[in-house]
Amino acid sequence: MKNKYDLSIVIPALRTNVWSTLYNSIENACKRYKWELVFVSPFDLPDDLKSKDNILLIKDFGNVPRCVQIGVKNCNAPLFFLTVDDCIFAKDSIDLAIEKYNNTCGKKDVVAMLYGEGGNMMPK
């Protein structure tokens, strides 16, 4: 069975007020690959995200480790990235990380990425 996406981004999520900003930063960071955003949260999607076909919302009231396990189990991609809901990705950063992985890594390797939280970007 072929995967629907190249990357699943898993987020145990509580802060619905930042989800749209997160989604927009992913669009800016990952233009060359298909991706899905997997929220595990007790809350509904904000109205502006309800029409997005690459978002999976799994309703759960559990703690963060439980939500991560549920999210990873439901990924539709061979790669996943675990982050926080107030994450902001730099332009093209996900594309570059996937290319690095594809060109230099094997199945047992990982790539760690820097990202900003709460509207602050980490320095390069």
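Only heavy atoms go into these numbers, but all of them, side chains included; no hydrogens, no water, no symmetry mates.
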Find the distance between [atom1] ([X]) and [atom2] ([Y]) and round it off to the nearest 0.5 Å.
X	Y	atom1	atom2	answer
Leu96	Lys91	CG	NZ	11.0 Å
Thr83	Leu37	OG1	CG	10.0 Å
Leu45	Thr16	CG	OG1	9.5 Å
Glu99	Ile94	CD	CD1	12.0 Å
Leu56	Cys75	CG	SG	8.5 Å

Quiz prompt | Ring center gap for Phe43 and Trp19 short of 6.0 angstrom | solution =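 For Phe43 and Trp19, the ring centres are not under 6.0 Å apart.
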Among the clusters formed by ILVMFWY side chains lying less than 4.5 Å apart, do [X] and [Y] turn up in the same one?
X	Y	answer
Leu79	Val111	yes
Tyr101	Phe89	yes
Leu22	Ile55	yes
Leu7	Leu49	yes

Just so I know, are the side chains of [X] and [Y] near enough to count as touching, which here means a heavy-atom distance under 4.5 Å?
X	Y	value
Ile9	Val38	no
Val10	Phe81	no
Val40	Asp60	yes
Pro42	Leu14	yes
Asn24	Ile26	no

Side-chain donor-acceptor pair under 3.5 Å between Asn28 and Tyr23, yes or no?
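Their side chains do not contain a donor-acceptor pair, so the 3.5 Å distance test is not met.
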Is a donor on one side and an acceptor on the other found under 3.5 Å between the side chain of [X] and the backbone of [Y]?
X	Y	value
Asn103	Lys100	no
Asp92	Asp95	no
Ser41	Ala13	yes
Asp85	Arg15	yes

Practice item. For a side chain to side chain donor-acceptor pair (under 3.5 Å) with Glu36, tell me which candidate from Asn3, Asn74, Asn76 qualifies. Key: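 Among the candidates, only Asn76 passes.
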query: Any chance NZ of Lys31 has more than 12 other-residue heavy atoms, nucleotides or ligands included, within less than 6.0 Å?
result: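 Yes - once you tally the heavy atoms of other residues, nucleotides and ligands closer than 6.0 Å, there are more than 12.
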If you count every heavy atom of other residues, nucleotides or ligands that lies below 6.0 Å from Arg66 atom CZ, does the total exceed 12?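 No.
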(Q) Which residues pass the side-chain hydrogen bond (donor to acceptor under 3.5 Å, both in side chains) test with Asp48, not counting sequence neighbours? (A)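 Applying side-chain hydrogen bond (donor to acceptor under 3.5 Å, both in side chains) to Asp48 gives Ser20.
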Under the rule for side-chain hydrogen bond (donor to acceptor under 3.5 Å, both in side chains), what residues qualify as partners of Asp44, not counting sequence neighbours?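 Partners of Asp44 by the side-chain hydrogen bond (donor to acceptor under 3.5 Å, both in side chains) criterion, ordered by chain and then number, come out as Lys59.
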Which residues pass the ring pair (Phe, Tyr, Trp, His ring centres under 6.0 Å) test with Tyr5, sequence neighbours left out?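 Ring pair (Phe, Tyr, Trp, His ring centres under 6.0 Å) list for Tyr5, sorted by chain: empty.
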Which atom pair, heavy atoms only, marks the closest approach of Pro12 to Val68?
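In terms of heavy atoms, the two residues are closest at CG-CG2, 3.9 Å.
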**Request:** Might you point out which heavy atoms bring Val18 and Asp86 nearest each other, and give the distance in Å?
**Result:**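 Distance-wise, the nearest heavy atoms are CG2-CA, 3.9 Å.
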